[in-house]
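Heads up: numbering here begins at 1 and tracks the sequence. Values in this document were obtained by computation on a predicted structure and should not be read as measured data.
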Amino acid sequence: MMKNKPIALVLLALLIFIRNTSGSSQDDQGQLQVGFYAKTCPHAEAIIHEVVRRAVVADPRNAAILLRLHFHDCFVEGCDGSILINNDLDGELKAAGNAGVAGFDIIEDAKARLESACAAVVSCADIVALAARDAVSLSNGPFYQAPTGRRDGRISKMSLAADLPDVDDSIEVLKSKFKQKGLSHKDLVLLSGGAHTIGVTACFFLQNRLYNFASTGGSDPAIHPLFLPKLKAKCPLNGDVNVRIALDRTSQFIFDDQILYNIRGGFAVIASDARLNDDDDTRQVLVSYLRGSKRSNKTRPSFKEDFTAAMVNMGKIDVKTGSKGEIRRVCSAVN
């Protein structure tokens, strides 16, 4: 009996090791899934949708605000709600690339209601992703199934947000930044176009494009000559940089493909949108969605359908699942 004891102990240790490593692998590589909260918080998505609906009805600009919030969250440390952490000293929200990002009160409202319904279950990261989805849908855009199961990150540092895509980046830099996040040049066109078909920007982001493009002291030559004086009238040199201007001059509160025609025709408002027409790869994607292109109506891809696919792709960037991260009780602070 004693002779078999060491063997039994070895086998027991081996079984424990296999069990633990298998569990660790499942936790660390957990996958997002549609309907993640179906059993643990069955009304989660309905609660978030109602909060977003009220916010957009109260102010249609909130739709674009929530969409932008999701983008900025995902591009720093992944889609983990880290942008929501209120770190006054060194938080990622302090980064220059996050200037003007808002919508935190809407997310906190949804979180408070979810905590009342099912405490410590729904992550802030998932609230941000679902709120963006609902904001698009409420703006005449597509409704799509958004995978959930993200957990919240614990780190929010300004230095980690130093490499966000910038309005004055060249197309090569934009493509590189998206590639680093596992996104293609097609995703770049879809996410830029989709995000900018609704909402506004500030004159602050047009200063270089209008008055010192590429350090030349002049304006971006990609701007249509009939559009340039209108932009300058809205955003005069040495004027109020906080003045807001619609990103889509014809339908700023409606999700549609008009932004693509604007970009192609020289009527893009911000420089990074205009750059999509500078590059062969991104221009081909852009043109493929336009009526009058070489493709027939039957073969032309659907901008809305492809946009939803790009949103799902972006929503998977460096997500924390399983044992990683946490479920915050309030979105502005780690537990």
Side-chain angles (χ1 to χ4, degrees), residues 61 64-65 67-68 71-72 96-101 139 164-178 185-293 303 307:
R61 292 176 298 180
I65 286 171
L67 181 54
R68 187 183 182 206
F71 178 92
H72 282 253
N98 282 326
V101 175
S139 302
L164 278 164
D166 186 82
V167 291
D168 292 317
D169 282 342
S170 69
I171 189 59
E172 291 78 13
V173 170
L174 289 170
K175 288 170 69 176
S176 175
K177 287 181 177 180
F178 271 67
H185 63 271
K186 181 178 180 180
D187 292 322
L188 168 59
V189 174
L190 290 162
L191 293 171
S192 298
H196 299 157
T197 182
I198 54 176
V200 298
T201 189
C203 288
F204 172 82
F205 296 105
L206 274 72
Q207 295 304 296
N208 287 338
R209 187 178 194 214
L210 294 179
Y211 302 108
N212 193 28
F213 179 72
S215 301
T216 62
S219 302
D220 183 353
I223 304 174
H224 193 286
L226 296 179
F227 192 41
L228 179 59
K230 293 180 180 180
L231 287 177
K232 286 188 171 182
K234 287 272 190 179
C235 302
L237 184 63
N238 299 321
D240 184 356
V241 296
N242 294 311
V243 169
R244 287 336 194 233
I245 180 170
L247 286 162
D248 184 340
R249 63 197 184 102
T250 59
S251 54
Q252 72 174 92
F253 298 125
I254 299 174
F255 187 100
D256 57 23
D257 60 3
Q258 181 58 48
I259 186 71
L260 304 180
Y261 293 89
N262 295 348
I263 295 170
R264 182 64 176 153
F267 293 93
V269 172
I270 57 175
S272 56
D273 281 353
R275 301 290 74 81
L276 300 177
N277 201 40
D278 290 351
D279 174 78
D280 286 342
D281 292 333
T282 53
R283 183 169 55 250
Q284 286 177 13
V285 175
L286 176 70
V287 171
S288 72
Y289 295 105
L290 304 183
R291 293 180 296 277
S293 66
F303 172 63
F307 169 76

J.: Quick one: CG on Asp278 to OG1 on Thr282, what's the gap to the nearest 0.5 Å?
T.: 7.5 Å
J.: Please, which pairs that meet side-chain hydrogen bond (donor to acceptor under 3.5 Å, both in side chains) have at least one residue in residues 227-242, sequence neighbours excluded?
T.: Ser219-Lys232
J.: Going by salt bridge (charged side-chain N to carboxylate O under 4.0 Å, His left out), name the residues that satisfy it together with Asp166, two or more places apart in sequence or in a different chain.
T.: none
J.: Test of understanding: with side-chain contact (heavy atoms from CB on, under 4.5 Å), list the residues that count as partners of Phe178, not counting sequence neighbours.
T.: Phe71, Phe75, Pro165, Leu183, Leu188, Leu191
J.: So how far is it from Leu231 CG to Leu210 CG, rounded to the nearest 0.5 Å?
T.: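 Result: 5.5 Å between the selected atoms.
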J.: Kindly write out the residues that satisfy side-chain hydrogen bond (donor to acceptor under 3.5 Å, both in side chains) with Lys175, not counting sequence neighbours, or none if the list is empty.
T.: Asp279, Asp281
J.: Kindly write out the residues that satisfy side-chain contact (heavy atoms from CB on, under 4.5 Å) with Val200, not counting sequence neighbours, or none if the list is empty.
T.: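 side-chain contact (heavy atoms from CB on, under 4.5 Å) check on Val200 returns Arg244, Gln252.
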J.: Per the side-chain hydrogen bond (donor to acceptor under 3.5 Å, both in side chains) rule, what does the pair list look like for residues 208-218, sequence neighbours excluded?
T.: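 Non-adjacent pairs meeting side-chain hydrogen bond (donor to acceptor under 3.5 Å, both in side chains): Asp168-Asn208, Arg209-Asp220.
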J.: Which distance, rounded to the nearest 0.5 Å, do you find between the OG of Ser192 and the CG of Leu174?
T.: 7.0 Å
J.: How far does CZ of Phe213 sit from CG of Leu206, to the nearest 0.5 angstrom?
T.: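 If I round to the nearest 0.5 Å, the distance is 12.0 Å.
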J.: Can you list the steps and then say if Ile198 with Leu247 is a side-chain contact (heavy atoms from CB on, under 4.5 Å)?
T.: CA-CA 7 Å; Ile198 54 176; Leu247 286 162; over 6 Å; no
J.: What distance separates Ile245 CD1 from Thr201 OG1, expressed to the nearest 0.5 Å?
T.: 8.5 Å
J.: Is it true that, when you exclude Arg283 itself, more than 12 heavy atoms of the residues, nucleotides or ligands shown sit nearer than 6.0 Å to its CZ?
T.: yes
J.: If a pair satisfies disulfide (SG to SG under 2.5 Å) and one of its residues is in residues 185-288, list it, with sequence neighbours excluded.
T.: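 Listed by first then second residue: Cys203-Cys235.
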J.: Show every side-chain hydrogen bond (donor to acceptor under 3.5 Å, both in side chains) that has at least one partner inside residues 254-269, sequence neighbours left out.
T.: Thr197-Asp256, Asp248-Asn262, Ser251-Asp256, Gln258-Asn262, Tyr261-Arg291, Arg264-Asn277
J.: Once you round to the nearest 0.5 Å, how far does CZ of Arg249 lie from CD1 of Ile259?
T.: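 Reported to 0.5 Å precision, the distance equals 10.0 Å.
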J.: Restricting to side-chain hydrogen bond (donor to acceptor under 3.5 Å, both in side chains), what partner residues turn up for His72, sequence neighbours left out?
T.: Arg68, Asn98
J.: Please enumerate all residues that pass side-chain hydrogen bond (donor to acceptor under 3.5 Å, both in side chains) together with Gln284, with sequence neighbours excluded.
T.: none
J.: Search all heavy atoms of Asp169 against all heavy atoms of Arg275 and return the closest pair with its distance.
T.: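 Looks like O-CG, 3.8 Å.
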J.: Mind checking ring pair (Phe, Tyr, Trp, His ring centres under 6.0 Å) for Phe227 and listing every partner two or more places apart, or none if nothing turns up?
T.: Phe267
J.: Apply ring pair (Phe, Tyr, Trp, His ring centres under 6.0 Å) to Phe205 and list each qualifying residue two or more places apart in sequence or on a separate chain.
T.: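 Checked Phe205 against ring pair (Phe, Tyr, Trp, His ring centres under 6.0 Å); zero matches.
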J.: Testing the basics here: between Ala274 and Ala222, what is the closest heavy-atom pair and its distance to 0.1 Å?
T.: CB-CB, 4.5 Å
